[in-house]
Amino acid sequence: PEQASKQETSRVRRPAMHRAAARSRRPPVMSQRQRPPWASTAARRGRGVVFGEAVTDRIRELLAERRRAAAARELLREEASSSPASAPARSLEALFLEEGGEWTTANTRAWKALWRDKPTHVGIDAEGTHLQPPLLVQIAWGRNSVLLDAPRGSLSRNLRRLLADETIEKIFFGPPKNENFGDRVTLKSCVDLQELLTDTRGKLPSLATAAGNTLLGEPLAKNHTLRRHFSRIRKRPTSLDWLDDDIRLYSAADAWVTLRLYDAVIDASKARRRLAPIVDVLARSW
């Protein structure tokens with residue numbers, strides 16, 4: 001009987017002991033002096049700490065400002081999409097085709113045609129310059145002719161002859177050494193057109209931007225997807241199967257527009273020199 005009474009007493013007292021332990025684990029109630037000044041009446045009544053009216057009003061203002069900014073950005077985006085200026089710019093490759101540009105894969109007949117024309121200057125560009133020599137070298141001469149020469153491990157004899165010819169100016173858009181022809185290749189009579197077009201702040205223009213602004217008065221677009229295609233080629237191909245029409249067009253347009261841009265710059269420079277005496281006379285008479 002005594003053991004049974006002890007068990008009944010323990011069963012009765014256990015809840016009370018648990019309640020006392022729970023009360024001991026509760027956080028102490030903050031006094032009036034310890035309460036932060038931003039605590040509201042609800043917090044003083046023990047319903048949890050909430051922000052006061054001033055802080056709540058400020059949060060509402062910030063949220064309203066974000067909504068207004070998002071609405072303004074959406075409006076600007078709609079206006080830009082509906083304006084004619086947002087239309088895609090003409091591509092460099094399209095301009096090359098519109099002007100009647102043609103490209104030819106390098107062979108004996110194509111090189112003979114170049115030497116027969118006796119050009120005074122040519123535009124040169126290269127693709128896949130992470131390899132030495134580059135994967136492809138493009139030579140533009142005349143009005144719309146472009147020769148595509150894909151080295152098979154070393155530069156061809158005709159290409160070496162052209163690069164070393166002092167009587168023919170080689171127009172590059174960028175430093176010629178960046179084309180990675182190799183240390184044993186002789187480069188003579190080379191012109192860096194990009195350096196000539198550098199503004200007073202030293203900013204180097206891109207080929208598409210410089211050509212578009214000079215030839216058309218608006219920037220030209222460039223296919224960057226094909227540019228990345230060259231960088232993904234890590235081993236020199238043994239055949240020309242990788243040179244599809246899109247890659248040929250993309251590559252030929254670079255050399256062609258380099259030559260056209262150089263001709264436009266030279267013509268503008270000659271015009272300024274012809275007008276300089278007239279301007280001096282007008283300035284003195286004025």
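It should be emphasised that the depicted structure is a prediction, and the values quoted were computed from it without experimental measurement.
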Less than 4.5 Å apart, side chain to side chain, heavy atoms only: is that true for [X] and [Y]?
{"X": "Asp149", "Y": "Asn158", "result": "no"}
{"X": "Arg236", "Y": "Leu135", "result": "yes"}
{"X": "Arg260", "Y": "Arg143", "result": "yes"}

All side chain to side chain donor-acceptor pair (under 3.5 Å) counterparts of Arg248, not counting sequence neighbours: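 Thr105.
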Results of side chain to side chain donor-acceptor pair (under 3.5 Å) for Asp245 - residues two or more places apart only: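 Not a single residue meets the side chain to side chain donor-acceptor pair (under 3.5 Å) criterion with Asp245.
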Check side-chain contact (heavy atoms from CB on, under 4.5 Å) between [X] and all other residues, then give those that pass, not counting sequence neighbours.
{"X": "Ala113", "answer": "Arg116"}
{"X": "Ser189", "answer": "Glu166, Lys170"}
{"X": "Thr209", "answer": "Ser206, Asn213"}
{"X": "Arg184", "answer": "none"}

Are the side chain of [X] and the backbone N or O of [Y] linked by a donor-acceptor pair below 3.5 Å?
{"X": "Glu93", "Y": "Leu249", "answer": "no"}
{"X": "Asp192", "Y": "Gly174", "answer": "yes"}
{"X": "Glu218", "Y": "Gly212", "answer": "no"}
{"X": "Ser269", "Y": "Val265", "answer": "no"}
{"X": "Asn107", "Y": "Arg109", "answer": "yes"}

Flag yes if [X] and [Y] sit in one hydrophobic cluster, no otherwise; membership is Ile, Leu, Val, Met, Phe, Trp, Tyr, and two members link when side-chain heavy atoms are under 4.5 Å apart.
{"X": "Leu148", "Y": "Leu163", "answer": "no"}
{"X": "Leu155", "Y": "Leu147", "answer": "yes"}
{"X": "Trp242", "Y": "Val137", "answer": "no"}
{"X": "Ile139", "Y": "Val146", "answer": "no"}
{"X": "Trp256", "Y": "Leu159", "answer": "no"}

Quick one: name the residues clustered hydrophobically with Leu259, using the 4.5 Å side-chain heavy-atom rule over I, L, V, M, F, W, Y, and just say none if it's on its own.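 Under the 4.5 Å side-chain rule, Leu259 groups with nothing.
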Using a side-chain heavy atom cutoff under 4.5 Å and only I, L, V, M, F, W and Y, what cluster partners does Leu204 have?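 None; Leu204 is a cluster of one.
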Would you give the length of the straight line joining atom [atom1] of [X] to atom [atom2] of [Y], rounded to the nearest 0.5 angstrom?
{"X": "Ile124", "Y": "Cys190", "atom1": "CD1", "atom2": "SG", "value": "7.0 Å"}
{"X": "Thr167", "Y": "Lys118", "atom1": "OG1", "atom2": "NZ", "value": "10.0 Å"}
{"X": "Leu261", "Y": "Ile171", "atom1": "CG", "atom2": "CD1", "value": "10.0 Å"}
{"X": "Leu187", "Y": "Glu179", "atom1": "CG", "atom2": "CD", "value": "9.5 Å"}
{"X": "Leu136", "Y": "Ile247", "atom1": "CG", "atom2": "CD1", "value": "9.0 Å"}
{"X": "Lys188", "Y": "Asp165", "atom1": "NZ", "atom2": "CG", "value": "9.5 Å"}

Which atom names give the shortest non-hydrogen contact between [X] and [Y], and what distance separates them?
{"X": "Thr129", "Y": "Asn178", "result": "CB-O, 3.7 Å"}
{"X": "Ala255", "Y": "Ala140", "result": "O-CB, 3.4 Å"}
{"X": "Leu131", "Y": "Asn180", "result": "O-ND2, 3.1 Å"}
{"X": "Asn144", "Y": "Gly100", "result": "CB-O, 3.5 Å"}

Establish, for the pair Arg161 and Trp115, whether the NZ or CZ atom is under 6.0 angstrom from the six-membered ring centre and no further than 45 degrees off its axis.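 Yes, Arg161 lies over the aromatic ring of Trp115.
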Side chain to side chain donor-acceptor pair (under 3.5 Å): pairs with one or both residues in residues 95-104, sequence neighbours excluded: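 Listed by first then second residue: Arg90-Glu98.
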Evaluate the side-chain contact (heavy atoms from CB on, under 4.5 Å) criterion for residues Arg160 and Val185: first the C-alpha distance (whole Å), next the side-chain angles of each, then the deciding distance (0.1 Å), finally the verdict. CA-CA 7 Å; Arg160 287 175 176 269; Val185 177; 4.0 Å; yes
Partner set under salt bridge (charged side-chain N to carboxylate O under 4.0 Å, His left out) for Glu127, not counting sequence neighbours: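 For Glu127 there are no salt bridge (charged side-chain N to carboxylate O under 4.0 Å, His left out) partners, ignoring immediate neighbours.
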Residues forming a salt bridge (charged side-chain N to carboxylate O under 4.0 Å, His left out) with Asp125, sequence neighbours excluded: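 For Asp125, no residue satisfies salt bridge (charged side-chain N to carboxylate O under 4.0 Å, His left out) once neighbours in sequence are set aside.
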Go through it in stages, so that I can follow the logic: the residues are Gln194 and Thr258, the test is side-chain contact (heavy atoms from CB on, under 4.5 Å), and I'd like the CA-CA distance, side-chain angles, deciding distance and then a yes or no. CA-CA 10 Å; Gln194 188 181 38; Thr258 299; over 6 Å; no
Residue pairs passing the ring-ring contact (aromatic ring centres under 6.0 Å, His included) test where at least one lies in residues 120-178, sequence neighbours excluded: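 Applying ring-ring contact (aromatic ring centres under 6.0 Å, His included) to every pair that reaches into residues 120-178, excluding sequence neighbours, yields His121-Tyr262.
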